[in-house]
Each structure stands twice: as C-alpha cells, then as structure tokens.
Amino acid sequence: MATDDDGTPNWSELVTDILSLVFKQLSFTDFARAKTVCSSWYFASKSSSPRKNHTPWLILYQDTHWLMFNSDEEKFYRTVYLGRFAECRGVASCGSWVLVFDKEINFYIINPFTPQLIRLPPLEYSNTGTKFERPGNYVFHLLFDDRHRTNRAIVGNSVLWVDEKTKDYLVVWSYKEAFVPSPYIYYCSKRGQEWFEIPASTCGKLFRCLDMAYKDDKLYILTSNGSIRILDFSLGDLPRQIDNHPYSHRPFVTEFPNHKMGMRLTTSGDVVMIQCVTTGTHKRSPFRIFKLSSTTETKESSHEVVGWERVHSFEDEESLVWDLSVTLPTKGVSGIKKDSIYYSHTSLSSYIRETCAYEIPTHKITAYDIPKQDIKPIRHRGILIGEARWFVPCFGAGE
C-alpha cells in the first residue's frame with residue numbers, strides 16, 4: 001500500500017480487488033458510506049455489491065425529500081432532493097425500487113438512493129377500452145361504456161418486480177371505489193409499454209380483488225369469495241393461469257368477514273393468510289395467521305377456517321413486514337426477529353389510508369411477537385409518522 005510523506009497509509013490507493021473483497025462484507029449502510037470516501041473507492045464500488053440486505057426500512061414522505069428509517073440502527077436518513085416526486089405516494093416496492101404515483105395518477109418507479117426514475121406509460125396507453133379521467137388529488141374516474149362509470153376511485157393493492165441488472169419490470173395494481181375493491185386488475189411490463197387488464201374472475205364470475213402477492217414470476221390474487229388465483233408471467237407479457245395448485249379448491253372463508261385480510265407468501269413460496277383484528281378484546285393479539293391445513297375437517301373453534309389451520313409461528317426462521325408481500329429471512333439478520341410482524345400503525349388504518357392522501361400522524365412503529373402474542377414498540381427519535389411504507393433496500397453492482 002502506498003503511504004503519504006509522513007508514513008500514513010494512503011487508503012485511497014488500495015487495489016480494486018482488495019476493495020471489492022472488503023465491500024462484499026459490508027452492510028447496506030456501510031457500503032453506502034464507503035462509496036463516498038474517495039473517487040477510487042467509488043470506482044471500485046461500481047463493480048461490487050454489499051452483502052444482501054434483509055433489514056426493513058421505513059419511508060416517510062416529506063415535501064421535497066423522503067426520510068428513511070433504518071430499523072437496525074434506529075436512525076433516519078434523508079434522500080437527495082426529489083422535487084415534485086417527493087409528493088408521490090408509494091404503493092409497492094422491490095429491493096430499493098419503489099412504485100409511486102402522483103396526484104394525477106401518473107405512475108413511476110423510483111430508486112431513492114441513486115435516484116433513478118422509470119416513467120411508466122400513462123393510463124391512456126391501455127388496450128382495455130376503458131377511459132380514465134384524472135381530476136387530481138390522487139383520485140381518478142373510469143368510464144367502461146356509456147352506462148357504467150366509476151367515480152373517485154383510488155389506487156388499491158399493488159405489486160412491483162424489478163430486475164436489478166436489466167431494469168426489466170412488472171407493475172400490477174387494482175383500484176377501490178367507496179372502500180370497495182375492484183374486480184379489475186391492471187398490469188404493465190417494460191416490454192409491453194402499455195396497460196393490460198386482468199378480470200379477477202373465478203369460474204367465470206367476477207370477484208373483487210382483496211390482495212395480491214408476487215414471487216418467482218407468479219402473481220397470487222386473493223378474491224372476495226376467498227379463492228386464490230395464480231397467474232404465471234414467466235412466458236412473457238401474457239400471463240398463463242395455473243388451474244391446478246394446492247389452493248385451487250381451498251378457499252379461505254372466515255366467520256369474520258369485516259376484519260382486514262392480508263395474503264402473504266413465505267420465503268419457501270407457501271401462502272399464509274393474515275387476519276388483522278385491532279378492536280375489542282383482541283388489541284393485544286391483533287393478528288391471526290393461517291396456513292393450508294393437511295385436513296379439510298371442520299374445527300371446533302369458531303376461529304378456525306375449513307381447510308386452513310391457525311399457526312403461532314412461521315415454519316422457517318422468518319418474519320413479516322406488513323407492507324411487503326413476501327416474508328423476510330431472519331437468520332443472521334440484525335434489526336428483525338423471527339416470528340414477528342412489523343408495522344406502523346397507519347399501515348393498518350384502512351379507513352384513513354383509503355380516504356385521505358395523507359394519514360393521521362403517529363409516533364408508533366410496532367413489532368408483534370407471534371408466539372408470545374406480545375406487542376413491542378420500536379424506538380426512534382420521535383418524528384411523527386404519517387403516510388409511510390416499509391421496504392427492503394439493496395445495492396446492485398454498478399449503482
């Protein structure tokens with residue numbers, strides 16, 4: 001290693017191969033700091049990546065910037081100036097990429113760390129024949145024909161997938177009208193460059209889309225009759241429906257239809273159903289988790305669902321972040337504990353989220369321990385949290 005005149009090691013002269021070996025052992029935030037040390041370290045980082053990050057961060061929206069809370073360090077970081085894009089609202093994420101839309105319902109994919117921006121086609125670029133009217137304030141109207149019109153719809157469930165190397169992407173979203181989920185789903189890919197429509201139909205009937213999840217080229221759709229529909233996107237832009245899957249004849253029909261429902265995928269690809277109960281005697285146990293049962297017999301407990309069984313832990317070492325559609329591994333990961341559910345309290349306030357552009361501020365970020373049925377607050381420095389979204393950032397080579 002080269003040294004200065006006084007014999008002090010000149011760390012900027014480290015060879016690229018050694019720097020790359022060091023960078024691979026760094027955490028996400030340490031890697032980001034190392035890139036800023038000097039020009040030679042920044043150049044070496046272009047061909048390196050840190051160790052894969054599984055620690056969730058929380059995005060908080062401000063007027064011209066975003067604040068990002070690292071749950072491992074319990075610290076906030078501020079993005080570069082985002083201008084008018086800081087007012088966009090996030091609805092899904094994939095790695096460091098966040099799917100957002102502005103007041104006029106223009107969709108973008110943003111990497112808040114670089115910041116790179118992918119502009120998605122306007123809603124008018126659609127093969128569905130549906131006409132969109134966008135008056136602003138994060139709402140829109142739809143005109144299906146001369147007789148059928150939807151007023152003041154809002155963006156609902158959404159998923160995002162981005163290939164870090166090629167920047168190929170898939171965006172899927174549905175909408176809600178007057179708190180009621182729509183039976184129609186829209187998607188767009190980099191190759192297609194226009195919006196396509198997927199009716200949320202089962203057995204030829206239209207059912208509302210309650211939730212969506214995406215993993216390994218497959219889109220999972222939970223419909224209002226409890227059925228789970230799976231579409232395979234691996235063959236190109238036109239998805240292929242998978243008819244014979246473990247959930248095809250096992251609808252999730254609950255005796256508590258008014259409770260908020262969520263469908264998530266585990267790291268192994270299994271479906272888990274989440275009931276969110278935040279009222280009455282269940283405030284200390286706000287979540288019930290179900291997995292597919294090995295039997296279809298009716299349980300004696302009214303809390304059980306035919307064909308599904310309630311569980312008090314995940315099968316593998318993993319945890320759930322409410323805004324993400326897939327669980328996170330926890331083995332060797334700091335900042336999160338296994339068999340826990342992480343959420344900000346505004347994430348569960350469906351009424352506020354569906355009626356306001358901004359949520360009521362709160363200080364509360366919480367972890368729910370599933371086996372102990374115990375709620376623990378996550379400490380931070382007291383910044384008010386309004387509209388917020390969890391994501392799991394990562395750096396790819398060359399960023």
Side-chain angles (χ1 to χ4, degrees), residues 51-58 71-72 92-95 157 159 161 210-216 218-222 226 228 230 245-247 250-252 254 256 259-278 282 284-296 299 301 303-344 347-348 365-378 389-394:
R51 67 174 184 263
K52 187 172 178 59
N53 175 61
H54 294 289
T55 302
W57 291 40
L58 190 68
S71 60
D72 179 19
S93 65
C94 178
N157 299 303
V159 296
W161 170 81
L210 298 185
D211 207 350
M212 293 187 291
Y214 187 84
K215 179 178 173 59
D216 299 333
K218 294 180 179 62
L219 177 67
Y220 295 71
I221 304 171
L222 174 65
I228 295 175
I230 302 179
H245 57 81
Y247 314 98
R250 307 285 282 275
F252 187 84
T254 174
F256 304 96
H259 291 168
K260 184 178 178 66
M261 290 297 306
M263 176 185 63
R264 300 295 185 268
L265 303 176
T266 65
T267 53
S268 60
D270 295 329
V271 172
V272 291
M273 305 299 297
I274 315 293
Q275 275 188 337
C276 177
V277 186
T278 57
H282 304 288
R284 297 301 301 174
S285 180
F287 298 99
R288 299 194 188 107
I289 304 174
F290 296 83
K291 72 173 185 178
L292 198 65
S293 174
S294 58
T295 177
T296 58
K299 306 290 183 179
S301 172
H303 298 325
E304 301 293 345
V305 181
V306 176
W308 297 77
E309 61 179 309
R310 187 178 177 183
V311 296
H312 297 280
S313 65
F314 295 113
E315 292 187 357
D316 298 320
E317 293 189 39
E318 53 195 328
S319 65
L320 172 65
V321 177
W322 184 257
D323 287 330
L324 306 180
S325 62
V326 181
T327 58
L328 299 175
T330 58
K331 187 175 182 179
V333 179
S334 57
I336 55 176
K337 296 181 179 180
K338 71 174 184 176
D339 296 327
S340 298
I341 299 177
Y342 293 84
Y343 62 97
S344 62
S347 299
L348 304 182
I365 308 176
T366 303
Y368 173 66
D369 189 309
I370 301 171
K372 296 180 181 178
Q373 299 186 22
D374 186 33
I375 297 175
K376 295 182 179 180
I378 297 177
R389 172 157 294 272
W390 290 96
F391 77 128
V392 183
C394 64

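- To the nearest 0.5 Å, the span separating SG on Cys94 from OH on Tyr214 amounts to 9.0 Å.
- You'll find the side chain of Leu328 reaches within 4.5 Å of the side chain of Val321, heavy atoms only.
- Inter-residue side-chain proximity for Lys338 and Lys331 is flagged as unmet; no heavy-atom pair is nearer than 4.5 Å.
- For the pair Asn53 (side chain) and Pro393 (backbone), a donor-acceptor distance under 3.5 Å is present.
- Note: Lys376 NZ to Thr366 OG1 = 12.5 Å, rounded to the nearest 0.5 Å.
- Residues Ile221 and Met212 come closest through the heavy atom pair CG1-CG, 4.4 Å.
- Taking Asp316 as the reference, nothing meets the side chain to side chain donor-acceptor pair (under 3.5 Å) condition, with sequence neighbours excluded.
- Evaluation of the side-chain contact (heavy atoms from CB on, under 4.5 Å) rule for Leu210 yields Pro181, Leu222, Ser224 as partners, not counting sequence neighbours.
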Might you work through the side-chain contact (heavy atoms from CB on, under 4.5 Å) test for Leu292 and Asp270, ending with a clear yes or no? CA-CA 9 Å; Leu292 198 65; Asp270 295 329; over 6 Å; no
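- Distance CH2/Trp161 to CG/Asp216: 11.0 Å, rounded to 0.5 Å.
- With sequence neighbours left out, the side chain to side chain donor-acceptor pair (under 3.5 Å) criterion links Glu318 to Thr267, Thr327.
- The aromatic rings of Tyr368 and Phe287 are tilted relative to each other, their planes meeting at an angle between 30° and 60°.
- Partners of Val271 under the side-chain contact (heavy atoms from CB on, under 4.5 Å) rule, at least two apart in sequence or in another chain, are Tyr220, Ile228, Tyr247, Met263, Leu265, Met273, Trp308.
- For the atom pair Ser319 OG and Asp369 CG, the distance stands at 11.0 Å (nearest 0.5 Å).
- The salt bridge (Lys or Arg N to Asp or Glu O under 4.0 Å) search around Asp211 returns Arg264, not counting sequence neighbours.
- No donor-acceptor pair closer than 3.5 Å links the side chain of Arg288 to the backbone N or O of Gln275.
- The closest donor-acceptor contact from the side chain of Tyr342 to the backbone of Lys337 lies under 3.5 Å.
- A search for salt bridge (Lys or Arg N to Asp or Glu O under 4.0 Å) contacts involving Lys291 returns Glu315, not counting sequence neighbours.
- Contact of the Leu320 side chain with the Ile289 side chain is not registered, since no non-hydrogen atoms from C-beta on lie closer than 4.5 Å.
- No donor-acceptor pair under 3.5 Å is formed between the side chain of Thr330 and the backbone N or O of Ile336.
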